[in-house]
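Along the sequence shown, residues carry numbers from 1.
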Amino acid sequence: MHAIALLGAAAALCRPAMAMPKATPEPQPPAAAALDLARRANLEPRADPTAPWVTVDDEGKPVKTITPVTTTISGTPTLVSVAPHDITASVYTWTTWGSITTSTGRPPNPTATSKDGEGVFSRCYNKDGDDAPFCSPYNSSTLLTGNTYYITWDPDYYNKTGSSAKVSNSTYEITVRLDYLNKTSNEFVKLKTFDQDRVPTSWGVWPLTVTSGMLKGQKTNNVTITLQVAPRGSKDSNSSVPLHVALQDPALPSNPEPQVPKGRTLSIALPVALGGVLFIVVGVFLWNRSARRIHLGSIMGRSRHGYSGRKARRNNNLFRPGGYQKDAASIQLHNADDHLSDGEYHDAPISGRRDSEALGSLAGTPTNESFEHHQGSTTRNAFRDELDRQHQERRGY
């Protein structure tokens, strides 16, 4: 009986524990909300609209530090002398090879807005943060050739307090050293130094013009930027932490995909193209067939359509100025018809022909037939003797 009572008491104690509700799991955000949170967490911080900004002249020297001021205009609080859009805006755009890009991340590295080096940048505050004292260019960012970038640092980083007195940053000078990664030795070696271009550390800016020669023939060159600080007039310098960047040529514009005709355009263009090709083929065939045709007159003889040398020469002489005449300056030959007056050919000249015809221009020479009759001459002429002999032969004695 006591055992039954004990069992009942135990059951009564267990009922409240069994009746307690289970803990519900914490609701999880939907996938879209989680993606939005991740995107906002990756956004880079923007510059404060009220933060000071600096203008740079055409010599790369900071001219003025401007601090925006809040004022009231028509009852509305308004900032005056605010920094340019590229420094403080939350959304910005830039154009490369005619392509417009919009970004909501941090702005590009500050660059000169003119070839003379003029531009603006935000005053740097980074005494104890990452990559101190650098503010720009950003670590692991890409610098494109042909641009002038502002290397900025926090001027207060170099204000040192000694045991006796505070040393101002205006007593220190700063320059830049570039080192690149040698892929053969896998070590960083000196690329370029600018010892002749020292500036006071109080400036907080040093303009760097990136040239193609800094690429060392590579498409991308990994480079470190180091600030070297030394007291004015001294060569003993201290180096800052290296800032890693990549130097690169601007990317070429991507070619758009060719537009392939579709639908109605294809139904019109295809027949037109095929018809044009067919028209050209048929035209060439017909022209070739006509050009290669052999005429009957060309086979029967040359006199019909061919070339006749004698006829052509006769026609050419007929239409020359002066008609069909011999050239007076040419050498005159005897006409073969002189030997064919009776229809037969004779080697000997036809009787009755005058000697002047055979002698030509010599017939009118004012000399005697024989030099023997020439007075005062005792010398015989062999040429004249030969003419006399031929003359006697013609006469038959």
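- Within the 4.5 Å cutoff, side-chain heavy atoms of Tyr138 are placed close to those of Pro107.
- Distance CZ/Arg389 to CD/Glu386: 4.0 Å, rounded to 0.5 Å.
- Rounded to the nearest 0.5 angstrom, Lys183 NZ and Asn222 CG are separated by 7.0 Å.
- Legend: ring pair (Phe, Tyr, Trp, His ring centres under 6.0 Å) pairs involving residues 207-247, not counting sequence neighbours, sorted by first then second residue: Phe188-His244.
- Here the closest non-hydrogen pair linking Lys190 and Tyr180 is O-CE2, 3.8 Å.
- Of all heavy-atom pairs spanning Pro155 and Cys124, the tightest one is CD-O, 4.1 Å.
- In this structure, Leu227 is a member of the same hydrophobic cluster as Leu191, with clusters built from ILVMFWY side-chain heavy atoms closer than 4.5 Å.
- Of all heavy-atom pairs spanning Phe134 and Ile225, the tightest one is CZ-O, 3.6 Å.
- A side-chain hydrogen bond (donor to acceptor under 3.5 Å, both in side chains) check over residues 56-70, counting only residues at least two apart or in different chains, returns nothing.
- One N or O on the side chain of Asn381 and one on the backbone of Arg384 form a donor-acceptor pair closer than 3.5 Å.
- In the model, Thr78 has no side-chain atom that pairs as donor or acceptor with a side-chain atom of Thr71 under 3.5 Å.
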Show your reasoning for whether side-chain contact (heavy atoms from CB on, under 4.5 Å) applies to Val120 and Thr55.
-> CA-CA 5 Å; Val120 296; Thr55 61; 4.0 Å; yes
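- Within the 4.5 Å cutoff, no side-chain heavy atoms of Pro200 are placed close to those of Tyr172.
- Screening Thr224, Val189, Thr193 for a side chain to side chain contact (heavy atoms under 4.5 Å, CB included) with Asp179, the sole residue that qualifies is Thr224.
- Within the 4.5 Å cutoff, side-chain heavy atoms of Pro137 are placed close to those of Leu143.
- The two residues Lys219 and Gln248 make their nearest non-hydrogen contact at O-CG, 3.6 Å.
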Take Leu178 and Met214, measure what side-chain contact (heavy atoms from CB on, under 4.5 Å) needs, and give me the verdict at the end.
-> CA-CA 9 Å; Leu178 301 179; Met214 296 180 181; 4.1 Å; yes
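- Taken together through direct or relayed side-chain contacts under 4.5 Å among Ile, Leu, Val, Met, Phe, Trp and Tyr, Leu215 and Tyr149 form part of one hydrophobic cluster.
- Contact of the Ser240 side chain with the Pro133 side chain is registered, since non-hydrogen atoms from C-beta on lie closer than 4.5 Å.
- Between the CZ atom of Arg177 and the OG atom of Ser237 there is a distance of 9.5 Å, given to the nearest 0.5 Å.
- Tested against Ser136 for a side-chain hydrogen bond (donor to acceptor under 3.5 Å, both in side chains), the candidates Asn126, Thr111, Thr152 yield a single pass: Thr152.
- Val80 and Trp53 fall into different hydrophobic clusters, defined by Ile, Leu, Val, Met, Phe, Trp and Tyr side-chain heavy atoms under 4.5 Å apart, directly or through other members.
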Could you walk me through whether Ile151 and Leu243 pass the side-chain contact (heavy atoms from CB on, under 4.5 Å) check?
-> CA-CA 10 Å; Ile151 300 176; Leu243 183 69; over 6 Å; no
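- Although no hydrogens or angles enter the test, the distance criterion places no donor-acceptor pair under 3.5 Å between the side chain of Trp203 and the main chain of Gly60.
- Scanning all heavy atoms of the two residues, the minimum distance from Tyr157 to Ala132 falls at CE1-CB, 4.3 Å.
- Follow the hydrophobic side-chain contacts under 4.5 Å out from Val241 and you never reach Leu181; the two are in separate clusters.
- Trp153 places a side-chain N or O within donor-acceptor distance of the main-chain N or O of Thr201, the cut-off being under 3.5 Å.
- Looking at Gln228 and Thr175, their side chains never bring a donor and an acceptor atom within 3.5 Å of each other.
- For Thr145 and Asp249, the side-chain atoms include at least one donor-acceptor pair closer than 3.5 Å.
- Under the 4.0 Å criterion applied to side-chain N and carboxylate O atoms, Asp154 and Arg123 are assigned as salt-bridge partners.
- To the nearest 0.5 Å, atom OG of residue Ser202 and atom CG of residue Asp156 are 10.5 Å apart.
- In this structure, Phe194 is a member of the same hydrophobic cluster as Ile174, with clusters built from ILVMFWY side-chain heavy atoms closer than 4.5 Å.
- Contact detail for Pro68 and Ala51: the closest heavy-atom pair is CD-O, 3.3 Å.
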Under the side-chain contact (heavy atoms from CB on, under 4.5 Å) rule, what do Val210 and Leu144 come out as? Steps first, then yes or no, please.
-> CA-CA 7 Å; Val210 182; Leu144 302 180; over 6 Å; no
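- Considering CG of Asp385 and CG of Asp388, their distance stands at 6.0 Å, rounded to 0.5 Å.
- At least one donor-acceptor pair closer than 3.5 Å links the side chain of Tyr150 to the backbone N or O of Gly119.
- A side-chain donor-acceptor contact under 3.5 Å links Ser141 and Asn109.
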